[in-house]
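Along the sequence shown, the residues carry numbers beginning at 1. Nothing here was measured: the structure is a model prediction, and the numbers come from that model. When a ligand or atom number is given, it counts from 1 through the structure's own listing order.
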Amino acid sequence: MTSYFEFNTLTAANFAAPYLPGRVIDSREVGDGNLNRVFRVEAEHGSVVVKQALPYLKVAGGDWPLTRDRAKIERWALNEHGRLVRGMVPEVVHFDEDLSAIVLEDLREFRSWRDLLVSATPTPGVAAQIGRYCASVLLGTSHVVQSSAERKALRSRFGYSELCLVTEELVFTAPYTDAASNRFDPEIEPEAVALREDGALKAAVAELRYAFRTRDEALIHGDLHSGSVMVGPTVPRVIDLEFAFFGPIGFDLGLLTANLALSAIAHGARGDRRFVHEVAGYAREFWDAFVDECRLMWQPTEPWFHRFMSGVLVDAARFAGLEMIRRVVGLAHVADIDSLEQPARLIAQRAAITGGRALVVGHSVTDFEELWLRATLGADLP
Ligand code: SR1
Ligand code: MG
């Protein structure tokens, strides 16, 4: 047994060395260090990434103590999602439970989907692949497709984790209170205060938090935003599975859709009509691919496909609304909006809150087009 210690570039290199071809020639930290330390270790003939869980989460003004259980959770989720959709999560080269560290395939030729969207770089095909990934892992770990015995075994590994509590706080609670972790531009203060005083919104949010806590529908990714997708020369990879747990299917779909809506709103605010349409197309491709793949996987013994999909869409819309709001007034923002100059930034922030609120409290959406229109209704899209 090895006692846990936090890696530095040297110790991360020593840890990775047995899994690398040739002599180590470089080791550098490549992550932001909020939850994990991430290093790229390079040898003469190849490189790997070392990801180590830290015993805390850095939040505004302090640290939030955490166990390192999420390293195991991520490892298991990589296993399970990797089995269901081969090649769409990074390959695990080695895992050390004592050190809470994973050696992963290095995606050095890849860039985050968010970064590409921010720089208005077209990413053809990615949205549909992520839609199919969602179908495979979400429906694939649901009662519709997976046998009860198989599901029971898997279910015992993934409890309601500490990171679920982080999500509860940052997505479902803090943005609707005067929480110390909230961060927003001073111009947005009136909107932030209005959220805390909005009874109808707070009731709807509380109901969604209850759904998040209780609806163990599938082994969801749990943090599927555009920064969790890496785009490169081969199939995209979905990364950062440490938030995985058995939760509502609509949560992953809602988060991804919300992040695309935030991208469209941001490009709209700076007047890039072409890219707004590009991103709207990605959102539709994502949803259509998800539905098409679910249709293929659906079991003939379950004659309620349309009802199932309608329910998932309604959930996705509401969770999307929460994600849009928290990315403006909560702790974790998105570069799509934060990178804008004024006045575009303020315009985008207000539009995100308006669209997000409309999704959370509005009547149930009946198709994806309605979801998208509502998400972007506060934006004067060109
Ligand atoms: C500082 S940790 C906050 C956020 O980062 C993760 O990616 C999740 O989205 C979490 O809410
Ligand atoms: Mg992440």
Would the distance check show the side chain of [X] and the main-chain N or O of [Y] forming a donor-acceptor pair, the cut-off being under 3.5 Å?
X	Y	answer
D223	L241	no
R318	V360	yes
D198	A194	no

Measure from NZ or CZ of R68 to the centre of the six-membered ring of Y4, then state whether that distance is under 6.0 Å and the direction lies within 45° of the axis.
yes
Is the shortest N/O to N/O distance between R326 and ligand 1 below 3.5 Å?
yes
Which ligand 1 atoms are under 4.0 Å away from a heavy-atom of N34?
1 (C)
Those atoms of ligand 1 less than 4.0 Å from some heavy atom in H225:
7 (O)
Contact check, [X] vs ligand 1, heavy-atom distance below 4.0 Å:
X	answer
L35	no
L57	yes
R327	yes

Verify the distance criterion only: is there a donor paired with an acceptor across the side chains of R70 and T67 at less than 3.5 Å?
no
Give the residue, atom name and distance (to 0.1 Å) of the protein heavy atom nearest [atom].
atom	value
atom 3 (C) of ligand 1	L170 CD1, 3.6 Å
atom 6 (C) of ligand 1	D223 OD2, 3.2 Å
atom 4 (C) of ligand 1	A332 CB, 3.9 Å

Return the minimal non-hydrogen interatomic distance between Q342 and D185, and the atom names on each side.
NE2-OD2, 4.3 Å
Ring centroid separation F245 to F212 under 6.0 Å
yes
